[in-house]
Amino acid sequence: MRAASAVLAVTLLQAGALPQAGAQETPGPAATPALPAPAAAGNATPTAAVMGEWMTSSSLIRPSKYGADFPHYDYVNPAAPKGGTLNQQAPGTFDSFNPFPVRGTPAAGFVAFGGGIAYDTLMDQALDEPGVSHALVAEAVRYPSDYSSVSFRLDPQARFHDGQPITPDDVVWTFQTVTRLSPLYANYYRNVTAVEVTGEREVTFRFDQTGNRELPNIMGDLVVLPRHYWEGTDASGRKRDIDNPTLEIPVGSGPYRVKAFQPGATITWERVPDYWAAEKGARVGRYNYDEIRYTYFRDQNSGWEAFKRGGFSDYRSENSAGRWAQGYNFPAFNDGRVKKQALPSETGEPMQGFVLNTRRDKFADPRVRRALTLAFNFEDMNRGLFYGLYKRTSSYFQGTELASSGLPSPAELAILEPLRDQIPPEVFTTPFTLPDYSQPNAERTYLREAFELLKAAGWERRGTQLVNAATGQPFTIEFLAADPSSSRVIDPFANQLNRLGIQTNTRIVDTSQYQALSDNFEFDVITDVFAQSLSPGNEQRDFWSSAAAAQPGSRNAPGIRNPAVDAIVDKIIYAMDRDSLVAATHALDRVLLWNFYVVPQWHNPEIWLAHWDKFGMPDTRPAYAGLDPFSWWVKGDVPVNTPADAAAADAPDPSAPPVIPPARP
């Protein structure tokens, strides 16, 4: 369920910046009725099922620890003062305040899925419990015992920023609109067959199958947009068009609204003083800044220099081992105005890796993809570039009970055996491991093995080049990236590929062009991150399904078209209980790994937080999300951009990684 929900607060404030590297449940008293036992998937009609009671929270793993009318999250300071400005940076540029069409680059604060800080959703995802959502636009939710539908009763106080009430009609129109515009929404909610108003404040979603335990829960993630606004006209009398990007400031419903902006350069959000949900338990003690200001920078290096200077970026979740180890030696840090802390990461780690676009013929053969994985020397990179601080990622569900290990269990085999002829045989016989270059003669061994796999796949060495044995076409790979600093982590891998005779080059484009190219799958290799939650479900279709492979803007960047993967994803979605879900996820993890769609990179076992000392922070953190910067408050400003700060920002960066010789063209 809800990929990346565990880091929602952080990613919103970082405006979606790609990390270079990179939950604990809190047991408590039951706060909502336990989920009814799932019915078997099938064609049972809703009338054959028992309708559940109205609930103010929903949960997939266990009932929430909070009561029906809980006053606030345990980890927040309910008396946190309001005021001050949070300064943040964003990468590249923006050209739209409409994040729902595939076209356009949304401004920071708007998000392609969910509400961001502009809009509220039916339910609000908890940051301190996995798989839990609390009442927001919907004051209550209920569904029948066979999970064939879900109904939401809207809060009569729910309002848009223009004072108009949020109605069931807005919900219906929003669902129909975003599933038409966004492949992400379309895949996430593909099992919804109808949405209709079923009461004065009630809306019901009906599903095409029973037994999908997750669907009632994730319907609460639906953003609610103002139909009256989008079907109206702008100041010049022109009809608005939600199908296209726009820089007209929209009417929202969330805790912030756009105050001012410079196209592509800055956007400032202001806290809505009469925000309708300010007293909701999921909102108390949060959203404390009067303003949030994003300034755009062309790349990570310029953003780092701006952080050192102060006034442009008040905190950063550090993603460079070099900077963390050596870069914090500038005036503001030395005199205590900037602080840093390494926090334990209590959630799983996302799969980050070089994505091989299997839509390209040269990557269609799994032997080729396996060869490229064998050529990746993580150990040398970790030692030479990352100060030994990173860990290798070896699962799509790293660090959780959902990660596969060893050989398949009987429960996993029950899923895998019917698909045996569509699955790599190693899934059944060999625990998955990645090459370990720390061993003597490892490089020679792995490159030789990689070359043999390439030969078996129809490639041969002619002089210094690897070419297709049948056509003579050379094997070339272009790495696509949006930041010049990316070459530091691409070049070591590219040099290894050069030794196999593969010609490589790195293409750096601006953020908007990168978004367009990646959305339309016009690349050989990109670096991507596949963040997961502890309750995977319908979003797995957008990641891995054959249907998503052909949909521009989907998260199936590798272009996976594999009937075995499709079948296992359905097993996840229709898992009858937690044990079944874990077994199906293990099976999916194994099949994805042994097909080598991604060359796994690395993750950071800690959260590296650096911030200017202007914040008050709660004593505890939300265990599932790790960080919730919206629960901080401004305790007082500190001097920024002093002459010493400016000089340090303009000086050469002593923490820059060593120069890697560029890969041969």
Side-chain angles (χ1 to χ4, degrees), residues 1-3 5 30-64 68 113-114 121-126 129-155 168 171-172 174-175 178-179 185 187-199 201-224 282 533-541 570 572-578 580-581:
M1 184 187 91
R2 314 152 167 185
S5 64
T32 58
L35 293 175
N43 296 314
T45 62
T47 56
V50 177
M51 178 59 72
E53 299 294 325
W54 287 106
M55 303 178 294
T56 59
S57 296
S58 63
S59 177
L60 280 170
I61 298 176
R62 66 181 62 187
S64 172
F113 187 88
T121 49
L122 287 171
M123 306 285 284
D124 192 47
Q125 294 184 25
E129 295 180 289
V132 172
S133 292
H134 299 295
L136 193 56
V137 171
E139 67 176 5
V141 58
R142 68 175 179 176
Y143 44 85
S145 57
D146 65 353
Y147 304 97
S148 58
S149 67
V150 63
S151 297
F152 295 94
R153 189 177 69 215
L154 303 193
D155 191 318
V171 177
V172 172
T174 297
F175 176 82
V178 296
T179 53
Y185 275 102
N187 280 308
Y188 205 48
Y189 295 139
R190 63 180 290 182
N191 290 104
V192 179
T193 58
V195 54
E196 56 194 73
V197 177
T198 50
R201 292 188 287 115
E202 184 178 316
V203 61
T204 297
F205 298 86
R206 306 196 187 280
F207 310 141
D208 61 0
Q209 286 185 307
T210 59
N212 188 331
R213 297 175 64 249
E214 188 191 42
L215 260 180
N217 190 280
I218 67 171
M219 290 310 308
D221 296 340
L222 180 67
V223 66
V224 185
S533 80
L534 291 181
S535 296
N538 289 263
E539 83 290 338
Q540 301 302 306
R541 287 182 176 137
D570 277 348
I572 291 174
I573 292 171
Y574 292 103
M576 306 299 291
D577 50 41
R578 183 68 182 177
S580 300
L581 176 67

Spacing of [atom1] belonging to [X] relative to [atom2] belonging to [Y], to within rounding of 0.5 Å:
X      : Y      : atom1 : atom2 : result
Glu214 : Ser533 : CD    : OG    : 7.0 Å
Thr193 : Arg206 : OG1   : CZ    : 8.5 Å
Met123 : Glu139 : CE    : CD    : 10.5 Å

Item to check | Stepwise side chain to side chain contact (heavy atoms under 4.5 Å, CB included) check, Val150 with Leu215 | outcome: CA-CA 8 Å; Val150 63; Leu215 260 180; over 6 Å; no

With distance as the sole test, does [X] use its side chain to make a donor-acceptor pair with the main-chain N or O of [Y] at under 3.5 Å?
X      : Y      : result
Arg201 : Leu154 : yes
Thr56  : Ala135 : no
Ser145 : Val50  : yes
Arg213 : Leu60  : yes
Gln540 : Asn538 : no

Any side-chain heavy atom of [X] sitting closer than 4.5 Å to one from [Y]?
X      : Y      : value
Met219 : Pro216 : no
Asn191 : Gln209 : yes
Leu581 : Ile572 : yes
Ser151 : Trp54  : yes
Ile573 : Asn212 : yes
Arg578 : Arg62  : no
Thr210 : Tyr147 : no
Leu122 : Val171 : yes

Show the nearest heavy-atom pair for residues [X] and [Y], with the distance to one decimal.
X      : Y      : value
Pro168 : Gly199 : CG-O, 4.3 Å
Ser148 : Asp146 : OG-OD1, 2.8 Å
Ser58  : Val141 : CB-CG1, 4.3 Å
Ser133 : Asn217 : OG-OD1, 4.2 Å
Thr121 : Gly220 : CB-O, 3.8 Å
Pro144 : Ser149 : CD-O, 3.2 Å

Item to check | Cationic N near anionic O, under 4.0 Å, Arg541 to Asp570 | outcome: yes

Checklist entry - Does the side chain to side chain contact (heavy atoms under 4.5 Å, CB included) test come out yes or no for Leu222 and Val137, once each step is laid out? => result CA-CA 10 Å; Leu222 180 67; Val137 171; over 6 Å; no

Next on the checklist: In terms of relative ring orientation, are Phe175 and Tyr189 parallel, tilted or perpendicular, with 30° and 60° separating the classes?
Outcome noted: tilted

Checklist entry - Between Tyr185 and Val223, is a side chain to side chain contact (heavy atoms under 4.5 Å, CB included) present by the stated rule, with each step listed? => result CA-CA 10 Å; Tyr185 275 102; Val223 66; 3.3 Å; yes

Checklist entry - Does Tyr188 have its ring centroid less than 6.0 Å away from the ring centroid of Phe113? => result yes

Item to check | Non-neighbouring partners of Arg142 that pass salt bridge (Lys or Arg N to Asp or Glu O under 4.0 Å), sequence neighbours left out | outcome: none

Next on the checklist: List the residues meeting salt bridge (Lys or Arg N to Asp or Glu O under 4.0 Å) with Glu202, not counting sequence neighbours, and say none if there are none.
Outcome noted: none

